[in-house]
Amino acid sequence: MGIKAALPRYELYLYSAVLAGALIWAGSWIFEASSENVSRKTFKESVKPGWHYFGRKMDVADFEWVMWFSTFRNHILFALVGHVIFAKIFTVVAPKHRSLIFAVYGGLAVLITMGWTFMAVVLSHCIILYSVALVKKRWMCFAAGLSTLASIKLEPYNSWQENLVTGSFDLQDILFYGGCGFSIMRCMSFALENCDRKEGNYTFSDLLRYNFYLPFFFFGPIMTFDRFHVQANNTQLTRKEREMWNITTKALLHLGVILVVDVFFHYLYILTIPSDMKLVTKLSDWCLAGLAYSNLVYDWIKAAVMFGVINTVATLDHLDPPQPPKCITMLYVLAETHFDRGINDWLCRYVYDYIGEDHDKIFKELLATICTFAITTLWLGPCELVYIWSFFNCFGLNFELWVAKFFSLPPFSIMEGAMGEAMSRRIRGVFNAANFWAIVLYNVLSLNSLEFAKMVGRRLIFKGFPLSTLSVLLVTYCGVQLVKERERQQALLDEPEPVKPVDAGKEKAE
């Protein structure tokens, strides 16, 4: 059935009321658990004094958020603002060489920050993968690239390379692994694009200009070489109408979101509570469901803001970077689930879509997902938690296709064709609601812990059945239908329904 199937307006109002009430109810449970347990010993390290305006402690369990927007905020801003000023001056003076200017500034910033030994490690990775790229064999590019990636993800090779880098500042580990990891993925993109080039080869200078673009270097997102090369070497630098207004608006929006998140951290300790399993066992089913959901929403917000800040700088450089990931609230199929659109685009272009093609064949889809999640596992760093996460997400993607294939067969397809589009949308919404919680449970284990994910699953599926299970699914169903309504309205805007032709009699009368 089509995406444009509509539901009655009063039904959508009811769904909105149920969803809003449930979110407030779950939020009140989390607020109560946060307020009553603020003095627990297990909270001592991750709940610190917050803004004195509120007179409350705040959740600081996420080092990455604190690093970006508190501890090292000024350092990151200094580097990005320096890049913007430097890039703007030389873009005006020498627009034909702006990609070279980007690389020179980025290379100098990396050298000053991390030292010459780190620069030597990164350049060695670049030289190895550039040499393999000249052979123009995709399998050799993957073998060399994944072997290089494994060298910074697996012991003892990663420790050996890390020990080459001298220094002891707090961000060293993060910048080392982030810089090396993203650099290798960019080099693989370069190598694979060079394989597809019919005549000649890209130069080593092209690789360095691509790799040392500072806003993307340490933290991503990854922009595939084919897109970066075209955009960075474009000399026709014009702005679309109201583009600067949109850039400014997004920057202010990101600032507003940062402030709102920090305010919420004073009242909802969504990151610290799941780490205390003794406390988790005492919480209500609604509180657990709210914690699981809010952790995924927060992770999306963090990714959207962090990549949004970097993307704002890239947009000022006349680039079109990968957009922030799709909000977890808007997801009800695993095929659209990702928290880093850059990595997702990379995997889809070179692995998932390349092997799976139209994603309609069961065995091709199985092979494509296995290869995709094998590379993802290596990218995240092989460990028990990542293995479990990869297995369930890989299984979920294939299971979606199996279910879709099964229900496309008679008599199910005939039954769906006989019912109205609205009823078909409602029935699909029931399955989508269950799928949404599969997405939550599959991914919350990578954000918190396996024990927390098992606790949420056990309480919502087994111990909470039938009351908690069905009530959570009902609320999720309401949310899914509201998401579908938003998609329907967007589809109508993108492809308006054709106007019915006026009959001949009316035309003659006029």
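Note that this is a predicted model, so its numbers are computed, not measured.
- Salt bridge annotation for Asp360-Lys405: present, with a cationic side-chain nitrogen under 4.0 angstrom from a carboxylate oxygen.
- With contacts defined as side-chain heavy-atom distances shorter than 4.5 Å, the pair Glu421/Glu416 does not qualify.
- For Gln323 (side chain) and Pro321 (main-chain N/O), a donor-acceptor pair under 3.5 Å exists by modelled atom type.
- Residues passing the ring pair (Phe, Tyr, Trp, His ring centres under 6.0 Å) test with His97, sequence neighbours excluded: none.
- In summary, the side chains of Arg425 and Gln481 do present a donor paired with an acceptor at a separation below 3.5 Å, with no hydrogens or angles considered.
- By the 30° and 60° cut-offs, the orientation of the rings of Phe86 relative to Phe90 is tilted.
- Under the 4.5 Å side-chain criterion, counting only non-hydrogen atoms from C-beta, His254 is in contact with Lys250.
- At least one donor-acceptor pair under 3.5 Å links the side chain of Glu243 to the backbone N or O of Lys240.
- Phe373 is listed as a side-chain neighbour of Leu397, based on a closest heavy-atom distance under 4.5 Å.
- Checked against a 6.0 Å centroid threshold, the rings of Phe216 and Tyr213 count as neighbours.
- Considering only heavy atoms from C-beta on, Leu7 stays 4.5 Å or farther from Arg488 through its side chain.
- Distance check, rounded to the nearest 0.5 Å: CG of Leu80 to CG of Leu214 gives 6.5 Å.
- Ring orientation note: the planes of Tyr442 and Phe392 are close to parallel, at an angle under 30° on the 30°/60° scale.
- Here Phe265 and Tyr298 bring their ring centres to under 6.0 angstrom of each other.
- Annotation: side chain of Ile128 is not in contact with side chain of Ser131 (no heavy-atom distance under 4.5 Å).
- Distance check, rounded to the nearest 0.5 Å: CG of Leu331 to CG of Asn435 gives 10.0 Å.
- Evaluated for a ring-ring contact (aromatic ring centres under 6.0 Å, His included) with Phe182, the options Phe217, Trp379, Phe218, Tyr177 yield exactly one hit, Trp379.
- For the atom pair CZ of Phe307 and CG of Asp340, the computed distance is 3.5 Å after rounding to the nearest 0.5 Å.
- For the residue pair Glu357 and Tyr352, no side-chain donor N or O sits within less than 3.5 Å of a side-chain acceptor on the partner.
- Residues Arg186 and Leu207 have side chains not in contact (no heavy-atom distance under 4.5 Å, counting atoms from C-beta outward).
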TODO: Go through the steps for Phe102 and Phe228 under the test ring pair (Phe, Tyr, Trp, His ring centres under 6.0 Å), then give the verdict.
DONE: CA-CA 12 Å; Phe102 293 160; Phe228 181 88; 7.6 Å; no

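- In summary, of the residues considered (Gln231, His229, Arg209), a side chain to side chain donor-acceptor pair (under 3.5 Å) with Ser99 occurs for Arg209 alone.
- With Glu193 as reference, Tyr350 is the one residue of Tyr210, Tyr350, Tyr202 to meet the side chain to side chain donor-acceptor pair (under 3.5 Å) rule.
- Looking at Asn311, its side chain does come within 3.5 Å of a backbone N or O of Pro322 through a donor-acceptor pair.
- Looking at Ser183, its side chain never comes within 3.5 Å of a backbone N or O of Cys180 through a donor-acceptor pair.
- We find the CD1-CG distance between Ile24 and Leu19 to be 10.0 Å, quoted to the nearest 0.5 Å.
- Here the CG-CZ distance, from Asp226 to Arg197, works out to 12.5 Å after rounding to the nearest 0.5 Å.
- For Trp116, the ring pair (Phe, Tyr, Trp, His ring centres under 6.0 Å) test picks out no residue, with sequence neighbours left out.
- Using a 30° and 60° split on the angle between ring planes, His266 and Phe54 fall in the tilted class, from 30° to 60°.
- In this structure, CZ on Phe190 lies 8.5 Å from CZ on Phe204, to the nearest 0.5 angstrom.
- Proximity of a side-chain donor or acceptor of Trp346 to a complementary backbone N or O of Ile222 within less than 3.5 Å is not detected.
- For the 3.5 Å distance criterion, the side chains of Thr203 and Asp206 qualify, holding a donor opposite an acceptor.
- Side chain of Asn295 to main chain of Ile270: a donor-acceptor pair is present (N/O by atom type, distance under 3.5 Å, no hydrogens or angles).
- Other residues, nucleotides and ligands place more than 12 heavy atoms under 6.0 Å from the OH atom of Tyr267.
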- [ ] Would you check, one step at a time, whether the test side chain to side chain contact (heavy atoms under 4.5 Å, CB included) holds for Asp317 with His83?
- [x] CA-CA 10 Å; Asp317 291 334; His83 169 87; 2.6 Å; yes

